[in-house]
Amino acid sequence: MRYWLMKSEPGDVSIDDLAGFKNQTVAWYGVRNYQARNFMRDQMQVGDGVLFYHSNCKEPGIAGIAQVSSSAYPDATQFNKKSKYFDEKATHETPRWFNVDVQLVKKISLISLDIMRRHPELENMRTLQRGNRLSITPVELSEWKFITTKLAGK
DNA sequence: GCCAACGTTGGC
DNA sequence: GCCAACGTTGGC
């Protein structure tokens, strides 16, 4: 059992979008970074905890708790010529990009980036490190516990 | 919209 | 295999 923070732009898929999807589940398509891909492909397991993070928006922060609900499988958008995620070097025989499914557990009142930065318990979080741009980062158990029990639901 | 930081690409 | 140029991310 591992824990992750996954960034989504709310203009693309927000926590409310996720809540409205069938089974409250979304395929985490569009990841085009090898490190983030490898996390999904090699390390994620069904049931892993996910902090659903709104990025590149007016109020960045953790918007909900979710979970990994499938193992990794090829990202369909890499084969779709009309998609901005199309990759001409990917084939069905040797796909390049993978995604997992992510299912909503519960929406929470936003834990803003500003709040996250104020808590020394979270100062080592990968996503808060200077220059970090990875859209998927591992979360330590202690960080997960602090966020889900101390910060969520206030 | 700016721009710092980082990842990827491609010529050599 | 180096590294400059370019593209992307994401907070502000």
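To find a chain, count down the sequence lines: A is the first, B the second, and so on, and within it residues start at 1.
- Under the 6.0 Å cut-off for aromatic ring centres, A/F52 and A/W28 qualify, their centroids lying closer than that.
- Between A/W97 and A/Y34, the ring centre distance stays below 6.0 Å.
- In this structure, A/K7 does not reach the C/dT9 phosphate: none of its side-chain N or O atoms is under 4.0 Å from OP1 or OP2.
- At a cut-off of 3.5 angstrom, the base of C/dT8 holds at least one donor-acceptor pair with the side chain of A/R133.
- As a whole-Å value, the separation of A/E9 CD from C/dT9 P is 7 Å.
- The distance between atom CG of A/N33 and atom C1' of C/dG10, rounded to the nearest whole Å, is 14 Å.
- Taking for each of A/N56 and A/K89 the nucleotide of DNA chain B with the nearest heavy atom, the 5'-most of the two is the partner of A/N56.
- Look at A/D75 and A/R37 and you find no salt bridge, because none of the NZ, NE, NH1 or NH2 atoms lies under 4.0 Å from a carboxylate O.
- Taking atom OH on A/Y85 and atom C1' on C/dT9, their separation rounds to 12 Å, with Å as the unit.
- With sequence neighbours excluded, no residue forms a ring pair (Phe, Tyr, Trp, His ring centres under 6.0 Å) with A/F21.
- Rounded to a whole Å, the NZ atom of A/K58 is 16 Å from the C1' atom of B/dG1.
- Side-chain proximity of A/P60 to C/dG10, C/dG11, B/dG7: nearest is C/dG11.
- One can place CG of A/L5 at 15 Å from C1' of C/dG11, the figure rounded to the nearest angstrom.
- Look at CG on A/N132: it is 13 Å from P on C/dC12, rounded to the nearest Å.
- Contact annotation: A/Y53 reaches the phosphate of C/dG11 (side-chain N/O to OP1 or OP2, under 4.0 Å).
- We find that CG of A/L113 is positioned 18 Å from P of C/dT9, with the value rounded to whole Å.
- Distance CG (A/D12) to P (C/dG10): 12 Å, rounded to an integer number of Å.
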